[in-house]
Amino acid sequence: MDFQIEPAYDAKKHEDKIYKKWEDSKAFSPKVDPTKKPFTISLPPPNATGTLHLGHATMLAIEDIMIRHHRMMGYSALWVPGTDHAAIATQSVVEKKLQATGIKSPRKELGREKLLGHIREFVKESQSTIRNQIRKMGASCDWSREKYTLDEDMNVAVNTLFGRMYEDGVIYRGGRIVNWDPNMQTTVADDELEYKEEKAKLYYFQYGPVIISTARPETKFLDKVIVVHPKDKRYKKIVGKEFEFEWIDGPIKAKVIADDCIDMKFGTGAMTITPAHSFIDFDLAKRHKLDAPQIIDFNGKIKPEVSKEFGGLTIDEARVAIVEKLREKGLLVKIEEDYTHKVAVNYRGKGTIEPQIMKQWFIDVNKKVIQWKKKKCSIKEVLQDTIQSKMIKIVPRRFEKIYFHWIDNLQDWCISRQIWWGHQIPIWHKVTESQLKALTSKNDTSTLDLELLNVNGEVKFGTEKPKSGEWFRDPDTLDTWFSSALWTFATLGWPKHTEDFKYFHPTDVLETGYDILFFWVARMILASTYALRSDGLPEEQCLPFKTVYLHGLIRDRNGKKMSKSSPETCIDPLDMIEKYGTDALRLSLVIGSSPGNDMRLYEEKIAGYRNFVNKIWNASRFALINISKEDISAEFDESMIKTDADKWIMTELQKLIKAADKDLETHQFSAAGTKIYDFIWNQYCDWYLEISKGSQKNTAVLLHVLKDILKLMHPFVPFVTEAIWENIGKTMLINEKWPEYNKKFVFKTESKSTELIKEIITKIRSVRSESKVDAGKKIQAVIYGGKNTENIKNGQETIMRLARLETLELKASGEKLKESKSIFVEDIEIFLPFKGMLDIEKEKKNILTQIEAKMNFINGLEKKLSNKEFVKKAPKEIVEKETERLSAEKEQVQKLKEQLKEF
RNA sequence: GGGCGCUUAGCUCAGCUGGUUAGAGCAUCUCGUUUACACCGAGAGGGUCGAGAGUUCGAAUCCCUCAGCGCCCACCA
């Protein structure tokens with residue numbers, strides 16, 4: 001047949017064209033179809049801040065495999081794509097860009113609306129880059145249902161859920177110590193912190209009756225409590241007493257208290273506390289009912305009210321000045337220079353964290369408000385139950401433990417952020433006239449907001465301004481994860497119960513990196529169960545997904561995390577696609593990795609899979625050259641299976657289908673891919689195609705197997721398979737039916753000719769190499785084997801070609817040639833009668849050692865089989881197998897012995 | 001401090017609930033332009049499965065101890 005395609009597959013020629021063809025045909029857009037089962041995945045929305053990296057590529061490859069597989073299995077397979085507004089990350093990127101153009105303080109100089117405009121523009125650009133990259137990966141997601149976490153309807157969903165939680169009293173406003181990032185002027189969630197190790201100095205000061213140690217003298221102005229351990233003998237006498245002594249700005253009074261949290265071995269075992277700027281101090285102060293005055297302001301400077309002398313200085317400046325002053329006063333005892341401690345920094349933006357007490361919005365995770373399984377449950381309990389009761393399965397399982405551990409330590413979730421980019425909190429504050437005046441007259445609202453918000457006024461929920469009185473909208477926005485938490489159901493139309501929502505929700509699999517298990521996965525369960533349960537849906541319909549599949553992180557060849565900051569080892573997926581094609585990249589990301597484990601990736605690996613893609617291409621090319629147009633239009637049926645080789649390859653194919661199905665079902669994508677890879681290369685190409693070159697050619701089977709291979713491979717390598725399919729199929733491969741395991745095509749190996757041929761060839765080759773016969777030279781061979789020679793008559797040609805034999809005779813046994821080399825294949829003896837290859841003594845020795853080894857083995861087996869316990873305890877099949885093997889081995893020894901007699 | 005993971009061929013990794021002789025790719029060596037493919041084919045070498053002990057008829061796999069590496073959480077005045 002005319003198959004005019006190039007001998008090497010050129011990915012660039014096909015990929016974009018094919019993607020367009022799929023997209024134009026609406027193959028990605030499933031319909032709500034009650035006759036089909038739905039299968040849904042929500043794409044974890046990439047941050048709309050830049051470009052995709054290999055982690056994204058992995059995610060896309062795995063999810064696309066699942067989607068394509070299910071689509072072919074006849075599901076209505078929906079994959080919802082989208083992007084995330086990534087509040088802090090995005091605003092920080094844009095602010096930096098603006099600063100580079102000379103706008104020093106974008107928030108102050110531009111104001112809310114203008115800054116948001118700049119961000120919107122940036123996001124638009126970034127989104128189109130990302131869309132393009134997702135397409136490049138071949139992802140078959142439904143672009144007609146694309147969403148963005150800041151879309152208008154997403155905002156409606158966010159406000160709806162916020163309102164319900166607010167009315168339930170689950171969302172509350174409270175003063176609490178929070179992680180404040182003075183750089184970004186925002187709070188940061190606990191799990192968005194990173195700890196950086198830093199060398200610092202540890203100062204020892206005379207503080208009244210004790211010596212205290214601190215790394216942060218600048219916060220110590222208003223400290224008036226000394227804390228020691230209750231069991232510490234050194235300080236026992238002074239606990240509970242009050243002292244007056246000289247300190248930074250003159251004399252102060254301080255009390256001594258005892259608390260277990262003190263580490264007696266650290267420093268002097270005594271410390272003072274600064275509740276407003278330290279987490280443990282805050283807790284301590286709460287326990288002992290102490291004041292918590294603010295010392296450092298929100299810009300990271302000493303408050304003027306606190307100290308005339310040091311007010312307005314930054315932390316670093318103040319530290320030096322204060323230490324100097326205390327030294328002058330003679331209160332500095334010593335400085336420890338080599339003190340390392342960890343400093344908390346913001347995971348996005350890397351600004352140093354300064355703990356502050358602020359009014360923030362929180363989600364109460366302990367209030368029992370959710371009607372769950374006939375009980376009132378708290379968020380925490382529901383989060384726990386969904387996994388505990390196996391309503392949601394996490395792959396791999398070990399992450400369930402990690403999840404529980406996290407839930408156990410879960411505290412109220414602070415959801416307000418002091419930035420502008422994001423969903424603005426739907427809350428209004430009542431203001432007095434003077435406050436309002438101040439608000440409107442100032443351009444710089446950031447710190448004013450903070451001051452206003454720290455006052456307890458009247459508060460109302462809503463998106464519209466309340467009619468009576470003066471109100472201003474809470475300027476804060478919600479934590480990004482609050483809106484991404486609604487992703488699975490809000491993208492399907494919630495709060496409306498649309499057709500899509502009713503049909504496609506809950507989604508089936510959430511596939512993501514394990515690094516955002518807490519950030520996102522847990523919060524999706526939280527939002528989904530809360531929102532949908534309050535809609536009155538039954539529990540199992542309130543889950544965001546049924547399975548969580550966690551992939552590992554991609555590392556470079558040295559095991560380091562790939563990051564843009566180290567471009568030498570960082571691989572850009574687009575470069576790889578350009579060089580090796582998308583299919584090759586996809587395979588290299590999927591094969592050889594297992595869920596939850598990190599994987600190293602390097603270019604040679606991708607090149608290797610490019611070779612495989614080319615192999616598929618060329619094998620198909622060969623098959624198609626041999627196939628006529630009539631073959632292609634013919635329906636395949638049982639009667640077309642003729643030769644032993646046909647039976648063999650069909651049987652192997654059925655085994656493959658069964659195994660691949662099982663692997664895909666259990667999310668073992670690597671295993672499935674490897675098996676298909678192996679079948680194509682080692683069975684179909686290396687054997688079946690080779691045999692087909694001889695008289696055993698059967699184009700019907702050749703084509704049928706090829707078709708099934710293409711289908712099985714399609715989820716992994718969609719482009720090359722579709723490109724080949726264009727020559728065979730009437731419709732597109734993407735819509736083809738997944739191959740089904742068919743018992744009819746499984747043949748028992750009564751006649752083993754194909755196996756025999758393979759074995760004979762292997763043996764001849766090994767004899768050739770053992771005896772150092774030039775592999776290029778043709779030799780003569782005779783096969784003796786009674787009835788069995790009949791079986792391989794058809795394969796004679798193949799054997800000659802592949803074993804490079806000049807002549808091959810098939811003879812009945814009985815007339816053996818003495819001066820020849822003989823080998824066994826099953827019960828056939830092969831004689832290769834050419835000289836120069838025999839070393840009789842060596843051969844004898846060989847056979848003797850073989851016999852010896854086999855006898856040892858047989859003895860062992862016999863012992864084993866005579867062991868009654870073994871026979872009793874081991875599975876029957878094993879015992880049977882072992883028994884069979886024993887007799888086979890015995891037979892072989894018999895043959896070896898006979899062979900020995902020949903010499 | 002608490003938890004988790006990894007350690008298998010020179011390299012990168014598979015190996016599910018214990019069960020034939022522990023696998024793959026790359027790399028190395030030998031040979032090879034046989035009607036798809038040199039992005040190819042045939043073959044070879046290379047492993048006391050991190051160490052030690054235990055359970056079992058049988059352990060890379062299960063239990064315990066230890067070591068090295070990595071990750072996560074908490075905390076560090």
Side-chain angles (χ1 to χ4, degrees), chain A residues 3 7-9 190-191 195 202 212-216 219-220 227 261-263 266-274 278-281 284 339-342 396 398-399 401-402 405-406 409 514-515 517-518 552-553 555 557 559 580 584 591-594 596-602 604-605 607-626 662-663 666 668 670-671 674 677-678 682 685-686 689-690 693 761-762 765-766 768-770 772 774-776 800-804 857 863-865 867-875 877-879 881-882 884-885:
Chain A
F3 190 66
Y9 173 64
D190 283 349
D191 38 27
Y195 290 91
L202 187 64
I212 56 148
S213 52
T214 178
R216 306 208 48 193
T219 63
K220 299 286 168 214
V227 193
C261 73
I262 295 295
D263 177 2
F266 188 93
T268 57
M271 72 169 192
T272 70
I273 59 166
T274 317
S278 153
F279 279 78
I280 43 162
D281 292 7
L284 209 76
Y339 172 66
T340 52
H341 68 153
K342 282 179 193 163
R398 66 187 148 90
F399 282 96
K401 247 192 221 165
I402 301 173
H405 183 252
W406 181 78
N409 296 316
Y514 65 78
D515 50 335
L517 179 64
F518 308 133
L553 307 178
R555 295 171 181 281
R557 138 191 347 262
Y580 302 105
I591 293 185
S593 75
S594 48
N597 288 333
D598 295 353
M599 187 187 59
R600 297 181 195 206
L601 186 75
Y602 40 94
E604 293 92 309
K605 192 171 170 185
Y609 287 108
R610 187 265 324 264
N611 297 353
F612 173 62
V613 168
N614 190 50
K615 186 81 181 176
I616 302 177
W617 178 259
N618 272 300
S620 310
R621 189 164 151 258
F622 171 77
L624 293 179
I625 288 167
N626 285 291
K662 197 183 159 200
D663 286 340
T666 51
Q668 302 194 46
S670 172
T674 313
Y677 174 104
D678 185 69
N682 300 112
C685 292
D686 288 350
L689 287 190
E690 290 305 331
K693 286 174 184 171
I761 293 168
T762 312
R765 275 174 182 154
S766 75
R768 214 196 256 280
S769 88
E770 254 172 55
K772 293 191 176 142
D774 184 358
M800 284 175 67
R801 189 164 42 82
L802 292 179
R804 289 193 60 72
F857 185 69
K863 237 188 207 170
K864 198 175 179 183
L865 285 169
N867 184 331
K868 278 176 196 164
E869 257 181 292
F870 166 68
V871 179
K872 222 161 80 188
K873 284 187 184 171
E877 306 125 55
I878 300 298
V879 178
K881 262 187 195 168
E882 300 276 58
E884 257 171 53
R885 199 168 151 214

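The sequence lines fix the lettering, A, B, ..., with proteins before strands; numbering per chain opens at 1. Quick caveat, the model's predicted, so the values are computed rather than measured.
Considering only residues two or more places apart in sequence or on other chains, A:Arg216 meets the salt bridge (Lys or Arg N to Asp or Glu O under 4.0 Å) condition with A:Glu218, A:Glu354. Considering only residues two or more places apart in sequence or on other chains, A:Thr268 meets the side-chain hydrogen bond (donor to acceptor under 3.5 Å, both in side chains) condition with none of them. By the salt bridge (Lys or Arg N to Asp or Glu O under 4.0 Å) test, A:Arg398 is found to be paired with no residue, residues two or more places apart in sequence or in another chain being considered. In terms of the salt bridge (Lys or Arg N to Asp or Glu O under 4.0 Å) criterion, A:Lys605 has no residue partners (sequence neighbours excluded).
Rounded to the nearest Å, the gap between the P atom of B:U28 and that of B:C64 is 43 Å. The C1' atoms of B:A9 and B:C49 are separated by 10 Å, rounded to the nearest whole Å. Annotation: B:G25 and B:G15 have their C1' atoms spaced 15 Å apart (nearest Å). Taking atom P in both B:C26 and B:C72, one finds a spacing of 34 Å when rounded to whole Å. Nucleotides B:C6 and B:A42 are separated by 35 Å at their P atoms, to the nearest Å. Using atom C1' as the reference point in both B:U61 and B:U8, the two lie 12 Å apart (nearest Å). The C1' atoms of B:U21 and B:A60 are separated by 15 Å, rounded to the nearest whole Å. Taking atom P on both nucleotides, B:U65 is separated from B:G54 by 15 Å, rounded to a whole Å.
Each of A:Gly596 and A:Gly592 lies near RNA chain B, and the nucleotide nearest A:Gly596 is the one positioned closer to the 5' end.
Between A:Lys220 atom NZ and B:A77 atom P there is a gap of 9 Å when expressed in whole angstrom units. Atom-to-atom, CD of A:Gln668 to C1' of B:C13 comes out at 15 Å; the value is rounded to the nearest Å. Straight-line distance from the NZ atom of A:Lys662 to the P atom of B:U17: 11 Å, rounded to whole Å. Nucleotide B:C69 holds its P atom 18 Å from the CG atom of A:Asp598, rounded to whole Å. Rounded to whole Å, the distance from CG on A:Asn597 to C1' on B:C16 is 14 Å. In this structure, the OH atom of A:Tyr514 is 14 Å from the C1' atom of B:G3, given to the nearest Å. Between the OH atom of A:Tyr677 and the C1' atom of B:G25 there is a distance of 6 Å, rounded to whole Å. Atom NZ in A:Lys605 sits about 9 Å away from atom C1' in B:G25, given to the nearest Å.
A donor-acceptor pair under 3.5 Å is formed between the side chain of A:Thr666 and the backbone N or O of A:Lys662. In terms of modelled atom types and a separation under 3.5 Å, the side chain of A:Asn409 and the main chain of A:His405 share a donor-acceptor contact.
Phosphate contact (OP1/OP2 of B:C13, side-chain N/O of A:Arg600, threshold under 4.0 Å): present. Contact between the side-chain N/O atoms of A:Ser594 and the OP1/OP2 oxygens of B:A14 is found at a separation under 4.0 Å.
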Nucleotide by nucleotide, nucleotides 33-40 of chain B touches protein heavy atoms under 4.0 Å in the pattern (B base, S sugar-phosphate only, - none) -BBBB-BS
Go through the steps to decide whether A:Tyr514 and A:Leu553 satisfy the test side-chain contact (heavy atoms from CB on, under 4.5 Å), and finish with yes or no.
CA-CA 8 Å; A:Tyr514 65 78; A:Leu553 307 178; 3.7 Å; yes
One pair to check against side-chain contact (heavy atoms from CB on, under 4.5 Å): A:Asn611 and A:Lys615. What are the steps and the verdict?
CA-CA 6 Å; A:Asn611 297 353; A:Lys615 186 81 181 176; over 6 Å; no
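Shown here for A:Gly596 and A:Phe399, the closest heavy-atom pair between the two residues is CA-CE1, 3.9 Å.
Among the heavy atoms of the strands lying under 4.0 Å from A:Ser213 are primed sugar atoms or P, OP1, OP2 only; no base atom is included. Contacts of A:Thr214 with the nucleic acid, taken as non-hydrogen atoms under 4.0 Å apart, involve only primed sugar atoms and P, OP1 or OP2.
Checking B:G25, B:C72, B:G5 against every side-chain atom of A:Arg398, the shortest atom distance belongs to B:G5.
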In dot-bracket notation, what is the pairing pattern of RNA chain B, taking Watson-Crick (N1-N3 plus N6-O4 or O6-N4) and G-U wobble (N1-O2 and O6-N3) contacts under 3.5 Å, with [ ] crossing and | for other strands?
(((((((..((((.....[...)))).(((((.......))))).....(((.(..]....).))))))))))....
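Here CD1 of A:Ile273 is found 8.5 Å from NZ of A:Lys220. Values are rounded to the nearest 0.5 Å.
Between A:Ile616 and A:Phe612 the shortest side-chain heavy-atom distance falls below 4.5 Å.
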